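Below is one structure, written out as structure tokens; the observations come after it.
Note that these values count all heavy atoms, side chains included, but never hydrogens, waters or copies made by symmetry. Nothing here was measured: the structure is a model prediction, and the numbers come from that model.
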Amino acid sequence: LVNSRAEKLDNTRREVTTADGITFPYDTLVLATGAKPVMPPISGIELSGGFTLRKSGDAVDILNWLNTRRVRAAVLLGAGPIGVEIAYLAVRQGIRVYVVEMLDHILPKALDPDMSAEVESYMQSHNVELRLKQRIESITGNGNVEAVALSSGEKIDTQMVLISAGVKPNTELAAQASLKIGKLGL
């Protein structure tokens, strides 16, 4: 199904029912229901100027914020592929970028520490500030993001926070159909 939301899955009858009530039979079914961003429990995460990046509309919202708020500094939570890519793009726009990562190196699921060190060095040489083995403890501001406090005690003045802390698979349809769901949602 494209541009139609599957609402019910009947694995016994081998049928999928959409939000508009149309039922489709199937022989083989592939569930590709996407994922939603992981939102860590951080005080202030709901302030304007806090973003995730999962859909094209999110990118438009981020660009609008950058263009209308004259963002001078941005804090990116997560040093996976999305966080690293956004860091490069933001620095190219003249924004001071801080990447905060809980683990001891960037791209932790993709690179070994020695390979990661090469990328870290390159990023730092291009004015990306890395804060490794740290967490965002809180985001503060009066309606809009104004600063973040890190687990190290450092406070960073910022006008924007991008949360790139991973995704959680959408498993609601599989659960409704009583399908077996693994611990990672697969």
Side-chain angles (χ1 to χ4, degrees), residues 34-171 184-185:
K36 52 187 151 289
V38 170
M39 296 299 287
I42 299 171
S43 172
I45 202 166
E46 74 287 345
L47 291 170
S48 293
F51 298 93
T52 59
L53 180 59
R54 288 294 303 149
K55 300 180 246 172
S56 60
D58 298 333
V60 170
D61 292 342
I62 291 167
L63 286 173
N64 286 338
W65 187 266
L66 289 171
N67 292 329
T68 61
R69 303 300 172 132
R70 296 188 183 140
V71 172
R72 295 174 308 285
V75 174
L76 309 179
L77 175 60
I82 292 174
V84 169
E85 182 70 23
I86 294 297
Y88 281 125
L89 295 174
V91 164
R92 289 179 60 195
Q93 298 301 314
I95 297 169
R96 187 162 188 184
V97 175
Y98 299 84
V99 176
V100 179
E101 171 59 53
M102 287 184 356
L103 300 176
D104 63 354
H105 65 280
I106 66 163
L107 298 167
K109 293 185 179 179
L111 298 177
D112 292 330
D114 59 332
M115 292 298 295
S116 179
E118 296 291 325
V119 179
E120 290 168 13
S121 177
Y122 181 83
M123 290 177 73
Q124 290 169 325
S125 74
H126 286 79
N127 300 317
V128 175
E129 304 269 346
L130 299 178
R131 299 298 188 265
L132 304 176
K133 297 197 292 190
Q134 296 189 49
R135 295 179 319 279
I136 294 178
E137 294 291 332
S138 65
I139 303 169
T140 57
N142 188 14
N144 294 329
V145 169
E146 295 174 12
V148 300
L150 301 182
S151 54
S152 64
E154 180 182 6
K155 178 186 170 195
I156 300 172
D157 292 329
T158 185
Q159 298 78 45
M160 180 178 147
V161 175
L162 178 72
I163 307 293
S164 179
V167 295
K168 180 180 180 197
N170 294 325
T171 59
L184 297 177

Notebook entry, point to check: Name the one of Ile95, Leu89, Val91 that satisfies side-chain contact (heavy atoms from CB on, under 4.5 Å) with Gln93?
Noted result: Ile95
Margin query: Would the distance check show the side chain of Ser125 and the main-chain N or O of Tyr122 forming a donor-acceptor pair, the cut-off being under 3.5 Å?
Written below: yes
Next item on the list: Please name all residues satisfying side-chain contact (heavy atoms from CB on, under 4.5 Å) with Leu47, sequence neighbours left out, ordered by chain then number.
Entry: Ile139, Val145
Item checked: Straight-line distance of Ser151 OG to Arg131 CZ, nearest 0.5 Å -> 11.5 Å
Notebook entry, point to check: Looking at Trp65 and Gln159, what are the two nearest heavy atoms and their distance?
Noted result: NE1-O, 3.0 Å
Notebook entry, point to check: Minimum heavy-atom separation for Ala165 to Pro40, with atom names?
Noted result: CB-CG, 4.1 Å
Next item on the list: Starting at CD1 of Ile136, measure out to CD1 of Ile163 and round the result to the nearest 0.5 Å.
Entry: 5.0 Å
Check: Between Asp61, Val161, Asp58, which is the residue that forms a side-chain contact (heavy atoms from CB on, under 4.5 Å) with Phe51?
Finding: Asp61
Next item on the list: Locate the shortest heavy-atom distance separating Ala35 from Asn170; write the atom from each residue and the value.
Entry: N-ND2, 3.4 Å
Item checked: Asn67, CG: over 12 other non-hydrogen atoms inside 6.0 angstrom -> yes
Item checked: Heavy-atom closest contact (Val99 atom, Gly78 atom, distance) -> CG1-O, 4.0 Å
Next item on the list: Calculate, to the nearest 0.5 Å, the distance between atoms NE2 and CE belonging to His105 and Met115 respectively.
Entry: 11.0 Å
Notebook entry, point to check: Rounded to the nearest 0.5 Å, how far does CZ of Arg72 lie from CG of Asp157?
Noted result: 8.5 Å
Checklist line | Side-chain donor or acceptor of Glu101 paired with backbone N/O of Leu130 under 3.5 Å | finding: no
Next item on the list: For Arg135, enumerate each residue passing the salt bridge (charged side-chain N to carboxylate O under 4.0 Å, His left out) test, keeping only those at least two apart in sequence or located in another chain.
Entry: Glu137
Next item on the list: Would you check, one step at a time, whether the test side-chain contact (heavy atoms from CB on, under 4.5 Å) holds for Glu120 with Leu132?
Entry: CA-CA 10 Å; Glu120 290 168 13; Leu132 304 176; 3.7 Å; yes
Margin query: Please report the interatomic distance OH(Tyr98) to CD(Gln134), rounded to the nearest 0.5 Å.
Written below: 12.0 Å
Checklist line | Heavy-atom neighbours of Lys36 NZ exceed 12 at 6.0 Å | finding: yes
Next item on the list: Please report the shortest heavy-atom distance between Val97 and Ala90, naming the atom on each side.
Entry: CG2-CB, 3.5 Å
Checklist line | Closest contact, heavy atoms only, Thr158 versus Val75 | finding: OG1-N, 3.6 Å
Note to self: Is it the case that atom CD in Glu118 sees more than 12 heavy atoms from other parts of the structure closer than 6.0 Å?
What the structure shows: no
Item checked: Interatomic spacing from OG in Ser48 to CE in Met160 - rounded to 0.5 Å -> 13.0 Å
Next item on the list: Apply side-chain contact (heavy atoms from CB on, under 4.5 Å) to the pair Val128 and Leu76, showing each step before the final yes or no.
Entry: CA-CA 10 Å; Val128 175; Leu76 309 179; over 6 Å; no
